[in-house]
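Structure first, then comments.
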Amino acid sequence: MSEDFTQDRLAKVERLRAAGIDPYSRGFKPTQSSESAKALLGEGDRTEPVSVAGRLMAKRPHGGLVFAVLQDGQGRIQLLAARDIIGEEQFARFADLDVGDIIGAKGPIFRTKRGEITLEVQSFQLLTKSLRELPEKWHGLKDIEIRYRQRYVDLIANPEVRSVFRARTKIITAMRGLLDERGFIDVETPVLQEIPGGGHARPFMTHHNALDRDLYLRIALELHLKRLLVGGFERVYEIGRAFRNEGLSPRHNPEFTMLESYQAYADYEDVMQLVEDLVVVAAMAADRPLETSYQGESVNLTPPFRRARMADLVLEFAGRHALGEELNDLFEEHVEPRLRQPTFVLDYPVEISPLARPRDDDPRFVERFELIILGREYANAFTELTDPIDQRARFEAQAAMRASGNVEAHPMDEDFVRAIEYGMPPAGGLGMGIDRLVMLLTDQPSIRDVILFPVMKAEA
RNA sequence: GCCGGCGUAGCUCAGCCUGGCAGAGCGGCGGUCUUUUAAACCGACAGUCGCAGGUUCGAAUCCUGUCGCCGGCACCA
């Protein structure tokens, strides 16, 4: 029973204190990680003493010996404590440690009879006493609810989960690196907004007490980044959290991470190349080959990706001509789920794209693309609308839809219109869902597997 | 919001269909053991069967409600 268990550990803490041992001590400085310590041995028999620190993950007492496994941020290393080496008293204290305790240990690295590279404990220090039992060593932690609610336990027990989040960081770093290299500057724009624009979604609402104003959490980054283009920054990007007040699914978390970038004097053709480059550097960062698979389905991320007009695809898959929202509806129903390999879907209907520039040769369509892989959307981009008169008319059309009950229609943003009345350079803009890209590149089935603390209801 | 599945020891799971003493492995606890690798062996312990109600002589098991998780749909990046 867990209460008894904690009581046992609490009693142990008291015994330690009574013996003059601080169960929450400090000051131990590791000189090596588990992995670098093991590498030190090389072909040798024995090294000089080194210090490592981490969490005890296994303990195998064997009479006058205790084998233990220490896990740190890099990996694991076996420890061997022997009564003959550290003496009766220290040996008893080592044997009294619990799996889950955080300790520091010092001693030479050697190889056991079975060939395991091991630190021979000459001294050790209890740094943090654990009061709770870790999940079982063999089956590990599988309960998906505990894994998400208590991610800290998941990260301790399931090393592969750590590697997913390391990959996530590497992917984002690599994407930033590419953008930085190309002269994009990394900016931060408001999360709390009076008018949640730049996308079609229901926002979260909050309230500022001192101002006595309702505010919204942003649903996209777009409109502020484009204001920066007006201001003279020619290449900007932001990687940040957006919030959408919608249902949850394996592909939707209410807060998620977007990359948006805007590049003056570019158009959506340029952005397609940028997206291809971003996908390639992200895959490399995640150690994922371009010819890969996701959940057992093969996918080839090698550029160039297929490019096809939405209207042509709808004709191909649905056998119909259509325009406007009907075209988009047919696309989503008949085409999107069947696009498995990376495909840039081009030229969306103007009606559903209030921020994109119309095609010069056919103003019923805009210069917009989405990148579809395995039936899912990974990027949305367009040549930006720079005509303030047209922009105001588009907003007014959206406002009319809003007035007739469409809660996701884009709200009027007078300040944004004012900004582009000063003049925004022609530009190509991009939005990418980082979480979904990480899912693809780490082969994780749910967005919750790539978000450290996904949204959950209150515990019962 | 709707539909379906799941919820049993710290962890991983049987048991539920067809009602009859609450089970296993691992972990933890006590012991033996000086080169183990899921160490091995011996021993004792471990439960609000998610929660509430109902049916029944008797409910983990059947029924109803409810909470949580998962999936699908709806909504939607």
Side-chain angles (χ1 to χ4, degrees), chain A residues 1-9 11-12 57-69 76-86 91 95-96 98-100 110-118 120 130-150 153-154 156-158 198-203 219-222 242-260 332 336 352 370-372 376-380 406-408 431-437 439 445-449 454-460:
Chain A
M1 187 168 149
S2 73
E3 280 306 302
D4 289 341
F5 168 79
T6 300
Q7 291 307 316
D8 284 350
R9 292 279 177 103
K12 196 176 265 192
M57 296 302 291
K59 201 175 78 169
R60 295 185 286 272
H62 205 95
L65 300 177
V66 174
F67 291 95
V69 175
R76 295 180 169 196
I77 185 170
Q78 179 169 268
L79 308 180
L80 171 62
R83 181 185 284 137
D84 291 349
I85 294 169
I86 59 174
F91 182 75
D96 191 46
D98 291 294
V99 170
F110 76 109
R111 217 178 304 266
T112 64
K113 284 179 185 171
R114 297 287 177 92
E116 175 96 14
I117 299 174
T118 299
E120 179 187 284
S130 172
L131 298 182
R132 290 178 182 270
E133 194 172 355
L134 286 175
E136 191 231 326
K137 61 192 170 191
W138 184 242
H139 295 93
L141 178 64
K142 287 186 178 170
D143 186 315
I144 214 163
E145 188 171 349
I146 299 177
R147 287 191 48 225
Y148 295 155
R149 282 192 195 284
Q150 299 179 245
V153 180
D154 190 28
I156 293 167
N158 297 320
H200 302 263
R202 294 165 73 169
I219 60 170
L221 321 182
E222 175 154 358
F243 305 84
R244 299 190 177 182
N245 205 339
E246 290 157 0
L248 291 76
S249 86
R251 293 162 298 283
H252 300 83
N253 195 62
E255 53 178 304
F256 62 101
T257 299
M258 292 188 76
L259 160 67
E260 289 200 23
E332 288 184 359
E336 195 169 38
I352 60 163
E370 292 193 358
L371 172 62
I372 308 297
R376 300 178 181 179
E377 181 199 328
Y378 285 83
N380 181 21
N406 183 343
V407 291
E408 281 99 26
M432 285 185 87
I434 296 295
D435 310 277
R436 289 184 183 176
L437 182 64
M439 285 169 67
S446 170
I447 197 167
R448 295 183 185 96
D449 297 316
V455 168
M456 302 286 277
K457 290 191 193 176
E459 278 183 82

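Letters A, B, ... mirror the listed sequences (proteins, then strands); counts begin at 1.
Base-pair partner of B/C13: B/G23 (Watson-Crick or G-U wobble, both distances under 3.5 Å). The partner of B/U55 cannot be assigned: no Watson-Crick or G-U wobble pair with both contacts below 3.5 Å exists in any strand. Summarising the base pairing, B/G68 is matched to B/C6 through a Watson-Crick or G-U wobble pair whose two defining distances lie under 3.5 Å. When both distances must be under 3.5 Å, the Watson-Crick or G-U wobble mate of B/A40 is B/U32.
Among the atoms of the strands shown, none is found under 4.0 Å from any heavy atom of A/Glu332. At the heavy-atom level, A/Ala82 lies nowhere under 4.0 Å from the strands shown. Backbone-only engagement by A/Lys142 is indicated by non-hydrogen atom pairs under 4.0 Å involving sugar-phosphate atoms exclusively. Among the heavy atoms of the strands lying under 4.0 Å from A/Pro61 is at least one base atom, whether or not backbone atoms are also near. Across all strands, A/Gly431 comes closer than 4.0 Å to no nucleic acid atom at all (heavy-atom distances). Contact annotation for A/Arg436: base contact, defined as any heavy-atom pair under 4.0 Å involving a base atom. Looking at heavy-atom distances under 4.0 Å, A/Ile146 makes contact with sugar-phosphate atoms alone, never a base. Residue A/Arg147 is classed as having no contact, given no heavy-atom separation below 4.0 Å to the nucleic acid. Within 4.0 Å of A/Gly433, counting heavy atoms only, lies no atom of the nucleic acid at all. Among the heavy atoms of the strands lying under 4.0 Å from A/Met456 are primed sugar atoms or P, OP1, OP2 only; no base atom is included.
Other residues, nucleotides and ligands place no more than 12 heavy atoms under 6.0 Å from the CZ atom of A/Arg202.
Scanning atom types as modelled, no donor and acceptor separated by under 3.5 angstrom connect the side chain of A/His62 and the base of B/C33. In this model, a side-chain donor or acceptor of A/Gln78 finds a partner on the base of B/U36 within 3.5 Å.
Residue A/Lys457 contributes atom NZ, which lies 6 Å from atom P of B/C69 at whole-angstrom precision. The distance between atom NE2 of A/His139 and atom C1' of B/A24, rounded to the nearest whole Å, is 11 Å. Across the protein-nucleic acid pair, A/Gln150 atom CD and B/C69 atom C1' stand 14 Å apart, rounded to whole Å. The distance from atom NE2 of A/His252 to atom P of B/G72 is 11 Å, rounded to the nearest whole Å. Straight-line distance from the CD1 atom of A/Ile85 to the P atom of B/U35: 13 Å, rounded to whole Å. Between A/Lys59 atom NZ and B/U36 atom P there is a gap of 19 Å when expressed in whole angstrom units. A/Leu248 has its CG atom 12 Å from the C1' atom of B/C70, to the nearest Å.
Side-chain N/O atoms of A/Lys137 include one lying less than 4.0 angstrom from OP1 or OP2 on B/A39.
Set against B/U37, B/C11, B/C75, the side chain of A/Pro135 has B/C11 as its closest nucleotide.
In this structure, A/Lys12 pairs ionically with A/Asp98, as a charged nitrogen and a carboxylate oxygen lie closer than 4.0 Å.
Looking at A/Arg60 and A/Gln78, their side chains do bring a donor and an acceptor atom within 3.5 Å of each other.
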Under 3.5 Å between N/O atoms: give me all the protein pairs with nucleotides 41-44 of chain B, atom names plus distance.
none

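Every residue two or more places apart in sequence or in another chain that forms a side-chain hydrogen bond (donor to acceptor under 3.5 Å, both in side chains) with A/Asp154 is listed here: A/Arg147, A/Arg151, A/Asn158.
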